[in-house]
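Note that this is a predicted model, so its numbers are computed, not measured.
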Amino acid sequence: MSKKQWTLRRKTTFHTKIFFRKYPALPYILKWLCISIIIGGLVGTASAGFLQSLEWATQFRESHIWLIALLPVAGFFIGLLYYYYGKDVEAGNNVLIESIHDPKEIIPLKMAPFVYLGTMITHFFGGSAGREGTALQMAGAIADQLSKPLQLDKNERRILLIAAIAAGFGSIFGTPLAGAVFGLEVFLIGRIRYNAIFPAFASAIFADWVTNLWKVKHTHYSIDFVPKIEFLPVLYSILAGIAFGICAAGFSRIIHWTGSVFKSKIKYPPFRPVVGGIIVALAVFAMGTTRYIGLGIPVIVESFEKQLPLYDFALKMIFTIVTLSAGFKGGEVTPLFFIGATLGSSLSLFIPLPFGLLAGMGFVAVFAGATNTPLACLLMGIELFGAESGVYIAIACVVSYLLSGHTSIYTKQKIGEAKNRRFERDRDSSISDL
């Protein structure tokens with residue numbers, strides 16, 4: 001190397017150091033941009049495949065109703081699979097949340113195919129479940145395999161899992177902004193990890209983009225009329241939020257209680273989904289309708305188009321609680337959308353707001369109360385229904401979040417900030433501890 005080349009190289013190195021001192025966040029952004037692109041590609045593709053296969057399973061089941069009679073047999077298979085081969089991943093989303101709080105062993109990759117297979121079987125044979133749980137677990141299990149090759153430390157691995165959750169949620173519902181915030185706030189009630197904000201948003205946006213590249217269609221909802229912001233409509237929104245919060249707390253408490261009953265009464269785990277499957281199958285054939293099984297998307301759409309009866313949300317709640325607490329796989333969120341939207345639509349019998357607006361408010365507000373993620377749900381409402389309804393959605397989500405108390409469908413959530421000063425002693429406790 002000549003003296004001139006050495007001098008030039010030294011100057012380049014010096015200027016590079018000066019540049020990075022001026023912009024210290026740049027290496028962080030570049031590093032996590034590359035990681036987020038990988039996460040987005042993998043998770044977006046997984047979500048697209050899952051959504052396509054779930055749509056096929058739903059259509060096939062609706063064309064062959066007799067398959068529901070085999071739900072107990074399907075439940076036995078799921079029970080055997082997890083009892084003998086999947087005990088370490090059976091806790092599902094709680095495994096992800098616990099790994100964020102205290103990263104230890106890498107999440108087993110088998111979580112992804114296990115939850116995918118379990119969810120597909122649940123929907124194929126007529127269980128009442130959602131899809132977000134599957135998307136999050138697939139995303140977390142896939143992304144966590146990058147931890148060792150990328151030599152990520154504990155704190156970076158936490159960020160990786162948050163980004164994966166954001167990507168899974170954003171891509172499965174087509175709401176990347178809500179997905180990003182959901183990943184940031186779901187594991188710690190009342191607080192957000194801002195050191196993960198860029199990876200969360202980048203991963204959610206890339207994952208949603210990749211899912212769209214696979215030409216996967218998401219369901220669209222519309223609110224026909226939104227009243228002006230005035231005192232009475234705001235007051236009615238608060239009343240609706242109270243109803244949504246009570247519903248969310250009730251769902252969370254009952255599903256955990258029912259799960260404990262199944263565990264205490266049926267000692268051999270594979271038999272639990274058998275009993276749950278018998279209950280659900282008999283109820284479907286006795287009622288003569290499949291309205292309350294599967295995802296229930298057609299009924300959710302219907303809730304925006306007309307006023308629905310009060311019993312719709314209650315029956316969906318019963319079917320979902322029995323299905324999931326018995327050990328079938330899937331998520332709680334889409335059923336919560338169904339429960340909230342139908343409850344909101346029926347509340348228009350008593351609350352003088354448009355049923356479409358109430359359905360949209362309930363859609364996200366019950367979810368906000370059951371998962372303690374009001375900001376994510378507010379953004380989801382705006383992404384799905386438009387900014388015009390944003391104020392009413394915000395009121396419903398916040399009131400529901402506060403009214404639901406320290407309950408959650410995710411028992412490993414920890415309390416970062418108590419919702420009420422009277423419960424400051426609960427800070428840093430998990431929902432399961434309480």
Taking atom OH of Tyr221 as the centre, report whether more than 12 heavy atoms of other residues, nucleotides or ligands fall under 6.0 Å from it.
yes

Measure the shortest side-chain to side-chain distance between Val186 and Ile100 over non-hydrogen atoms and say whether it is less than 4.5 angstrom.
no

If you round to the nearest 0.5 Å, how far is OH of Tyr401 from CG of Leu378?
14.0 Å

Of all heavy-atom pairs between Arg157 and Leu152, which one has the smallest distance, and what is that distance?
N-CB, 4.3 Å

Using side-chain heavy atoms (C-beta onward) and a distance below 4.5 Å, is Leu117 in contact with Phe77?
yes

Tell me, yes or no, whether the heavy-atom count around Lys110 atom NZ, taken from other residues, nucleotides or ligands under 6.0 Å, exceeds 12.
yes

Just how far is it from atom OG1 of Thr373 to atom CG of Leu184, taken to the nearest 0.5 Å?
11.5 Å

Among all residues two or more places apart in sequence or in another chain, which pass the side-chain contact (heavy atoms from CB on, under 4.5 Å) test with Phe124?
Trp56, Ala57, Phe60, Leu67

Does the side chain of Arg291 reach to within under 4.5 Å of the side chain of Phe319, using non-hydrogen atoms?
no

Residues Phe363, Leu384; criterion side-chain contact (heavy atoms from CB on, under 4.5 Å); working and verdict:
CA-CA 10 Å; Phe363 184 105; Leu384 290 176; 3.6 Å; yes

Does some side-chain heavy atom of Trp32 sit less than 4.5 Å from a side-chain heavy atom of Glu156?
yes

Does atom CZ of Arg191 have more than 12 heavy-atom neighbours from other groups under 6.0 Å away?
yes

Closest approach of Val226 to Glu388 (non-hydrogen atoms, all atoms of both residues)
CG1-O, 3.5 Å

What do the steps show when you test Phe337 against Phe173 for ring pair (Phe, Tyr, Trp, His ring centres under 6.0 Å), and what is the final call?
CA-CA 11 Å; Phe337 292 161; Phe173 294 119; 5.3 Å; yes

Within the side chain of Gln413, is there an N or O that forms a donor-acceptor pair under 3.5 Å with the backbone of Asn372?
no

When you measure from the side chain of Asn212 to the backbone of Asp208, do you find a donor-acceptor pair of N or O atoms at a distance under 3.5 Å?
yes

Please report the C-alpha distance between Ser400 and Met361 in whole Å, then the side-chain angles of each, then the deciding distance to 0.1 Å, and finally whether the side-chain contact (heavy atoms from CB on, under 4.5 Å) criterion is met.
CA-CA 10 Å; Ser400 176; Met361 290 161 61; over 6 Å; no

Under the 3.5 angstrom rule, does the side chain of Arg272 hit a backbone N or O of Ile266 as a donor-acceptor pair?
yes

Within the 4.5 Å heavy-atom criterion, are Leu379 and Thr175 side-chain neighbours or not?
no

Minimum heavy-atom distance Ile142-Ala46, with the two atoms named:
CD1-CB, 4.1 Å

Heavy-atom distance under 4.5 Å between the side chains of Pro354 and Ile223, does that happen here?
no

Say whether Thr342 and Ser303, considering side chains only, have a donor N or O and an acceptor N or O under 3.5 Å apart.
no

Shortest non-hydrogen contact from Glu132 to Asn93?
OE2-ND2, 3.5 Å

Distance (rounded to the nearest 0.5 Å) between Ser99 OG and Leu160 CG
11.0 Å

Main-chain N/O of Pro227 paired to Tyr392 side chain as donor or acceptor, under 3.5 Å:
yes

I would like to know whether Ser346 and Asp312 meet side-chain contact (heavy atoms from CB on, under 4.5 Å); could you show each step before the answer?
CA-CA 9 Å; Ser346 64; Asp312 268 346; over 6 Å; no

Is His406 reaching over with its side chain to a backbone N or O of Lys419, donor-acceptor style, under 3.5 angstrom?
yes

Quick one: which residue pairs count as a salt bridge (Lys or Arg N to Asp or Glu O under 4.0 Å) with a foot in residues 70-87, not counting sequence neighbours?
none

Apply side-chain contact (heavy atoms from CB on, under 4.5 Å) to Leu146 and Ile39, showing your working.
CA-CA 9 Å; Leu146 301 173; Ile39 292 174; 4.2 Å; yes

For the residue pair Lys329 and Thr134, confirm or rule out a side-chain donor-acceptor distance under 3.5 Å.
no

Does Tyr85, at its OH atom, have more than 12 non-hydrogen atoms belonging to other residues, nucleotides or ligands within less than 6.0 Å?
no

Nearest heavy-atom contact between Phe198 and Leu33 is CE2-N, 3.8 Å

From Ile339 CD1 over to Cys247 SG, what is the distance, rounded to the nearest 0.5 angstrom?
6.0 Å

CE/Met317 to CZ/Phe251 distance, rounded to the nearest 0.5 angstrom?
7.0 Å

Please state whether the rings of Phe271 and Phe76 are parallel, tilted or perpendicular, taking 30° and 60° as the class boundaries.
parallel

Check whether Tyr292 reaches the backbone of Thr320 with its side chain - one donor and one acceptor, N or O, closer than 3.5 Å.
no

Do Ser171 and Ser47 have side-chain atoms, one donor and one acceptor, less than 3.5 Å apart?
yes

All heavy atoms of Ile78 vs all of Gly327, minimum pair found to be CG2-O, 3.9 Å

Could you check if a side-chain atom of Pro374 sits within less than 4.5 angstrom of a side-chain atom of Glu185, using non-hydrogen atoms only?
yes

Please answer whether the main-chain N or O of Val261 pairs with a side-chain N or O of Ser264 as donor and acceptor at a distance below 3.5 Å.
yes

Using a 3.5 Å distance criterion without hydrogens, assess whether the side chain of Gln145 forms a donor-acceptor pair with backbone atoms of Ile107.
yes

Is there a side-chain contact between Glu332 and Ser252 (heavy atoms, below 4.5 Å)?
no

For residues Tyr83 and Tyr268, establish whether the separation of their ring centroids is below 6.0 Å.
yes

In this structure, is the centre-to-centre distance between the rings of Phe313 and Phe338 below 6.0 Å?
no

Does the Ser348 side chain pair with the main chain of Phe355, one donor and one acceptor, at a distance under 3.5 Å?
no

Phe385 and Phe304 aromatic ring geometry - parallel, tilted or perpendicular at 30°/60° bounds
tilted

Point-to-point distance, once rounded to the nearest 0.5 Å, from CG of Leu403 to CD1 of Ile238
11.0 Å

